[in-house]
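Accompanying notes for the structure given below.
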Amino acid sequence: MPTCNWRYEPYFFFEYTMMTPSPPQLSSPKTNSKGNNSSKLAIRIVVPSAIAIFLTIAFWFLCFWRKKSKTKKFDYVDDENPSTEYLQFNFGIVSAATDNFSEANRLGEGGFGSVYKGTLSDSWQEIAVKRLSKNSGQGEQEFKNEITLVAKLQHRNLVKLVGFSLTGEEKLLIYEFMPSGSLDQFLFDPIKRAHLDWDRRYRIIGGVARGLVYLHEESRLKIIHRDLKASNILLDIDMNPKIADFGMARLFVLDQTQASTIRIVGTHGYMAPEYIMHGKFSVKSDVFSFGVLVLEILSGHRNSSFQGSDIARNLLSYAWRLWKNGSAIELLDPTLKDRCSRSEAMKCIHVALLCVQENVADRPTMRTVVQMLNNSVISHDSPSLPGFFAGSTRHTEPPSTLSLGYSEEQVNVRSNPITEAVSWSVNEISVTELYPR
């Protein structure tokens, strides 16, 4: 960087003798000539020095102003974690790492944009870059969410944030690369699902549960994920699970138990009934999503795969009917039958049905879930009706049409105060199927 050297001496640096002013004399032109030369020499030295000093001050002022502007730009970086500021990457570096976001490096398409594989040139570290689309539902607030939340979280079952880039309308989130991809790419593929034997599925269930316990209770923050699903569970080279995508996460204060919103966000089929119908969410909302995820892991079917079938309205209803008939083991993926621990499988089904119960208070906490999974003795608690079950009579209003059309797309709907104010009758004899217009 430019430097400026200062020098001081008790004598003049140039040949110049102080002279007292005297009237000009025509007979001594040499003396006047010498004085003029000395003045010119002084000007030649003083003026450039003054300019150099001015430029130096201006340069340092500019550097200070840019640093202050940068700090203001990232005012959402937590003061308790100043290292977050150093996670910012230059857009050109990330673009070069992904070969200018080439189609060959695209790993998949998410609800808010595409994900690309890349390699950092300086460290040869493999990364996964989430490039938010300019017209995506995830705006600056959700982008800040992922940075501020994930940067603070350190757990073996949570994906690690490597950095981010924010240049104009380009918003990039840089994560550690998970070579095995996401859980849904294995679970719902008729060929790849064979790689998920019982031990791996059981380990994935336990890992996700421990990750949620950390989010809900063990971290310095209390975080509700709000979008837990198979595609947001990433797998490392050893098929260990890591929870990803915190764009929809919400932060609770230490003693807060519940919150409400008019902006319902999440994925059809994983959202709890109280969240869809009333906008209320809590740690029990994540518990419900976890229960749906466990049933999908055990069966190899999406929750939406039963839509329009004569078997059941959804996977929850199907699992509940098998449980009541004493044939819950029939829920398992055919590739797992006779190749799994029957006691562990029954325990997982039991835990999953406890998690998806319609009544919020009946659902266990994630810490209790981990204890049940680690305990060789199955809980004696009997699950009640799951949410969105066809024969449910608990709610006094019909299910939202959102609960009937389970798709893998993000939703953004607002509660209807008119609907919530109406008292609906319940027909306990016949079943009325509701379809969106």
Which atom names give the shortest non-hydrogen contact between [X] and [Y], and what distance separates them?
X	Y	result
Tyr275	Arg226	OH-NH1, 3.1 Å
Gly387	Pro273	CA-CG, 3.9 Å
Leu354	Ser382	CD2-C, 4.1 Å
Leu315	Asn303	N-OD1, 3.0 Å
Ser231	Leu234	O-CD2, 4.3 Å
Tyr116	Phe101	CE2-O, 3.5 Å

Out of curiosity, [X] [atom1] to [Y] [atom2], how far, rounded to the nearest 0.5 Å?
X	Y	atom1	atom2	result
Glu344	Leu298	CD	CG	11.0 Å
Phe89	Ser165	CZ	OG	9.5 Å
Ser102	Lys117	OG	NZ	11.0 Å
Asp236	Lys242	CG	NZ	6.0 Å
Glu296	Lys229	CD	NZ	11.0 Å
Met239	Asp197	CE	CG	8.5 Å

| Asp286-Ser289 side chain donor-acceptor pair, cut-off 3.5 Å |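 Their side chains do not contain a donor-acceptor pair, so the 3.5 Å distance test is not met.
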
Between the side chains of Asp333 and Thr335, is a donor N or O closer than 3.5 angstrom to an acceptor N or O?
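Yes - a donor-acceptor pair under 3.5 Å links their side chains.
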
**OP:** Look at the rings of His350 and Trp323 and say which category their plane angle falls in: under 30° parallel, 30 to 60° tilted, over 60° perpendicular.
**Re:**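 Ring orientation of His350 relative to Trp323: tilted.
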
Would you please name every residue forming a ring-ring contact (aromatic ring centres under 6.0 Å, His included) with His155, sequence neighbours left out?
->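 Tyr214.
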
- Taking only residues two or more places apart in sequence, or in another chain, which ones meet Phe290 in a ring-ring contact (aromatic ring centres under 6.0 Å, His included)?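 Listed in chain order: nothing, the list is empty.
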
**Request:** Check the pair Val283, Lys222 against side chain to side chain contact (heavy atoms under 4.5 Å, CB included), reporting the backbone distance first and the verdict last.
**Result:** CA-CA 9 Å; Val283 293; Lys222 187 175 184 180; 4.0 Å; yes

For the residue pair [X] and [Y], establish whether any side-chain heavy-atom pair is separated by less than 4.5 Å.
X	Y	result
Tyr318	Leu295	no
Trp320	Pro383	yes
Asn232	Leu228	no
Cys355	Val294	no
Leu293	Ile233	yes
Arg201	Phe186	no
Ile174	Leu87	no
Leu322	Ile349	no

Short side-chain to backbone donor-acceptor contact, [X] and [Y], under 3.5 Å:
X	Y	answer
His225	Ala244	yes
Asp189	Ile191	yes
Gln357	Asp362	yes
Ser299	Leu331	no
Asp238	Asn240	no
Gln185	Ser182	yes
Asn375	Gln371	no
Asp245	Asp227	no
Arg363	Val287	no
Asn157	Pro241	yes

Cation-pi, Tyr175 ring and Lys130 (6.0 angstrom, 45 degrees) |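 Not flagged: Lys130 not positioned over aromatic ring of Tyr175.
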
For residues 157-166, which residue pairs pass the salt bridge (charged side-chain N to carboxylate O under 4.0 Å, His left out) check, not counting sequence neighbours?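 Residue pairs with at least one partner in residues 157-166: there are none.
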
Please determine which of Ile243, Ile224, Leu158 meets the side chain to side chain contact (heavy atoms under 4.5 Å, CB included) test together with Leu212.
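Option passing the side chain to side chain contact (heavy atoms under 4.5 Å, CB included) with Leu212: Ile243.
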
- [ ] For Leu166 and Ile147, run side chain to side chain contact (heavy atoms under 4.5 Å, CB included): C-alpha distance rounded to whole Å, both residues' side-chain angles, the deciding distance at 0.1 Å, then the answer.
- [x] CA-CA 11 Å; Leu166 180 58; Ile147 297 174; over 6 Å; no

Audit row: Asn105, Val129, side chain to side chain contact (heavy atoms under 4.5 Å, CB included) steps and yes/no: CA-CA 10 Å; Asn105 286 330; Val129 181; over 6 Å; no

Mind running side chain to side chain contact (heavy atoms under 4.5 Å, CB included) on Glu330 and Asn325 for me, showing each step along the way? CA-CA 11 Å; Glu330 297 297 323; Asn325 293 336; over 6 Å; no

> More than 12 foreign heavy atoms under 6.0 Å from CG of Asp338: is that the case here?
Replying inline: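 12 or below, so no.
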
